[in-house]
Amino acid sequence: MRKLLSSILLLSLLVMGACQDDIKPEINNGTDGHPVFHVSIADEDVRTGFTDSFQMEWAAGDQISIKCGDATAIYAAKAAGTSADFEYVSGDMLPEEGSFEAYYPASLAEKAVLPAEQIYVENNIAASPMRAVSSDTNLTFKHLCGILELILSTSDSGFKVGGIALESTEGMSGGFTLNGDAARISSDAGNVNMEIADSLALGSTAAKIYLAVPEGTYATGTKFIVKTNKGWRVFSSNKALTFTRACITPATLTVAESAIYKFRTSTDAGKTWTYNTKITAATSAVPDAGIKSNCIVEMLADFSQTAQWPITNKKFTFDGLGHTITVSSLENDRSINPTSDSDITFKNVTFKGPGTSSSNNLMRVENGNTVTLDCCIVKDFNYSKNGGALWLQGTLNVIGNSRIENCCATGTYGGGAIFSENGNVTIGDDVTISGCSSSYHAGAIYMYGKGNLTVGSATIENCKASGYGGAIVCGNASNGVGSTIAITGATISGCSAKDGGFLSATCGTSTFDGVTISGCTNTGNGGSVYMTGGTVELKNSVINGGNSYVTTAGTLNITNSTYTYTGTGYALSVEGTSSTANKGTISVNGNSVIKATSGSGAFAKYGKFNLTNSTLIANGSYGAYINTCGIATFTDANVVNKKDSGNVFYSGTGNANSSLTVNSGYYSGSTITGWYTTGSNNRIVIKSGYFSNNNFNAATQYDGTSLQAITPVTREIDGTDYSFPWHAASTPAGSGFNNPEEITF
């Protein structure tokens, strides 16, 4: 490889060995007919704005790629020097005269790509790209790029540099074209990186690192990122930078251990951003000194917060650059408090709370304020009030790959991760809420009052509550309207509560579209859903595990979904408290399938159950149990009880005012009904349907005029063929079929 040498250091550096990536092949001496090329470097010493003058020289084994017409060959230097003879290694036979184009390193000719990864050489540069054009075998190479000279120093001890990265809105690597002798990147995609394997020790004496940078002007804000053993240090240019081919551009950076934050400010988004303030760990308990509106804050190191951070009427972006803010114990208080029309975005920062050793959450977002968490981690907060991580009346957006982990609320309402009181919450795709808990209600999110919760393809997992709603609670609205919840494509798993392992609703409207719910459990009612009010829509979803329980005035609609219950009770229960109270409703429709793998299908008491164009499969005592004042309607439904002694429909002793209406469908179980005569005003309305029942020893169909004989048929339900043992229709003694439109026992 050729080296960039200071004229003062030239003699000592000549003894340096070639880079470990160099290939030193056996070189052909030209006796096989391949021409030998005499290769030099243009007499244009790399120009600088200061006194040093730099030259190039070749090392033995350096390889170049030469192209002439359709022929391409690889040549290597026979010996070291500012000029050297290069002999054939591989490829095509080249003529001794023609139009030759040559590149160093040889890989440039194959892909025409300036590499993003560069190799560190002490006080030097490795593989600076060059090109030569000639009509004969004398090749003179010229630089394709300029050279950046990073001059690094520090007044602090113990610093080592392990890498450098340059980031700009203009591309610094990737495919290139030629502008005269200079390479110009043809896309705005690539940056430049350099790893320093053995680390470079820094001190008060400046250390220099050289990188090849394509000619051009790079906008204000170009970042110089220095990887050190004490964390990343990020520097940003406050003016445009210009690199010229074959010229060195110096940049002096002072790495300081005490630099924690820097701030860029501008009164207008179209103006140049400039750094104007720095915070040091020694002078600040909170990252607030000097922050103004229209500010970008860059966090350059981890930080320990020891006091509450009030933010009043400010709008800024806080970029943590992957660092962590560790919050010390702030008893019974919040760590950050945005007020008075503040709008703050936190990016790429981890907020770590004090755990169970203290009582404070991360943030309280007052009414009229907006906070966005973008690719942030919030973990280990424990709050004696509501909202283990976040409490809000304003607007909260959690987006990017953000995570809320292991947070806990012990207040009288709850919300292990988030408590919203009339606020608006957006949870974006790729967000995870995990391992949060509440001593009362809502292991993850509590929507209290009237607000809006919007959730995309997020994950809520392993959250728990001692009371209602292992994952989510929608309720407690003084005006009875409640919040609106819209969740699309989310995955909710492993959550638990006393009532409502997944969801508890007392008011409002909750819509779940395309969600997957699994492994949610309860110790009271409703392993999946527990409702005392409001409306819940489950659409196009898959639910596995717990049952659902609706009481008082709740409405649960299940549409085009698969619901699998693995317990021994009822998959779906709607149960009021009296005939005069508002009655809850469960409606299943739109080709849904309800499966009770070890228990019964549905239970209705002082409530309504509707099954339309859907399937209910039980493996317990009852397909559907209609109790006191229970009302059930089946239309184009499939109801199958696989248990040998199980009923397809049943009504217990002493029930009154129960109603079963069968409009149409297929029904199979050992008994159609077990209706008892001791109940008053119970009735069955059979308008049409195919039945298998050993109790009446007859299959019956009523078409509005008379009973008819039924031809045996096979009905496929849940992938299984069920052959019903139809018999000739008859009217059992005392069955009441004299008035078949309404059969009352």
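For clarity, every value in this text was computed on a predicted model and none was experimentally measured.
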For this session: Begin with the C-alpha distance, continue with both residues' side-chain angles, and end with the deciding distance and a verdict on side chain to side chain donor-acceptor pair (under 3.5 Å) for Ser518 and Asn544.
Result: CA-CA 5 Å; Ser518 63; Asn544 292 303; 5.9 Å; no
For this session: For residues Ile487 and Ile472, determine if any side-chain heavy atom of one lies less than 4.5 Å from a side-chain heavy atom of the other.
Result: yes
Exercise. Is there a side-chain contact between Leu241 and Phe224, using heavy atoms and a 4.5 Å cut-off?
Worked result: yes
Exercise. What distance separates Lys223 NZ from Leu166 CG, expressed to the nearest 0.5 Å?
Worked result: 12.5 Å
Problem set entry | Side chains of Asn557 and Glu537, donor plus acceptor under 3.5 Å | yes
Seminar exercise, completed: The residue among Thr459, Ile460, Thr516 that forms side-chain contact (heavy atoms from CB on, under 4.5 Å) with Ile492 is Ile460
Exercise. With sequence neighbours excluded, what pairs up with Lys608 under the salt bridge (charged side-chain N to carboxylate O under 4.0 Å, His left out) test?
Worked result: none
For this session: Apply salt bridge (charged side-chain N to carboxylate O under 4.0 Å, His left out) to Lys347 and list each qualifying residue two or more places apart in sequence or on a separate chain.
Result: none
Exercise. If we only count heavy atoms from C-beta on, is the Leu611 to Val588 side-chain gap below 4.5 Å?
Worked result: yes
Exercise. Would you say Ser592's side chain and Ser561's backbone share a donor-acceptor pair under 3.5 angstrom?
Worked result: yes
For this session: Decide whether Thr372 and Asn397 meet the rule of one side-chain donor and one side-chain acceptor closer than 3.5 Å.
Result: yes
Problem set entry | Cys376 backbone acceptor or donor facing Ser402 side chain under 3.5 Å | yes
Problem set entry | From CG (Asn361) to SG (Cys408), nearest 0.5 Å | 11.5 Å
Exercise. Could you give the distance from CZ (Phe609) to CG (Leu556), rounded to the nearest 0.5 Å?
Worked result: 9.5 Å
Exercise. Cut-off 3.5 Å, side chains only: do Asn560 and Asn540 have a donor facing an acceptor?
Worked result: yes
Exercise. Could you state the interatomic distance from CD (Glu575) to OG1 (Thr552), rounded to the nearest 0.5 Å?
Worked result: 10.0 Å
Problem set entry | Identified side-chain contact (heavy atoms from CB on, under 4.5 Å) counterpart of Ile586 within the set Ile594, Thr555, Val574, Asn610 | Val574
Seminar exercise, completed: Rounding to 0.5 Å, atoms CG (Asn401) and OG1 (Thr432) come to a distance of 8.0 Å
Problem set entry | No-hydrogen, no-angle side-chain donor-acceptor test under 3.5 Å, Asn589 and Ser614 | no
Exercise. Out of Phe603, Tyr565, Tyr549, which one pairs with Tyr570 under the side-chain contact (heavy atoms from CB on, under 4.5 Å) rule?
Worked result: Phe603
For this session: Hey, can you tell me if His441 and Tyr468 have their rings parallel, tilted or perpendicular (30° and 60° cut-offs)?
Result: parallel
Exercise. Between Phe502 and Phe512, does the ring centre distance come in under 6.0 Å?
Worked result: yes
Exercise. Do Asp513 and Thr488 pass the side chain to side chain donor-acceptor pair (under 3.5 Å) test, and can you show the C-alpha distance, the side-chain angles, and the key distance before you say yes or no?
Worked result: CA-CA 5 Å; Asp513 193 346; Thr488 304; 5.4 Å; no
Exercise. Can you check whether Phe419 and Tyr383 have ring centres sitting under 6.0 Å from each other?
Worked result: no
Seminar exercise, completed: Of all heavy-atom pairs linking Ser548 and Ser528, the shortest is OG-CB, 3.9 Å
Problem set entry | Donor-acceptor pair between Asp343 and Thr370 side chains, under 3.5 angstrom | no
Problem set entry | Close side-chain approach of Asn547 and Asn522, heavy atoms under 4.5 Å | yes
For this session: For Asn476 and Tyr446, run side chain to side chain donor-acceptor pair (under 3.5 Å): C-alpha distance rounded to whole Å, both residues' side-chain angles, the deciding distance at 0.1 Å, then the answer.
Result: CA-CA 10 Å; Asn476 292 84; Tyr446 198 133; 2.4 Å; yes
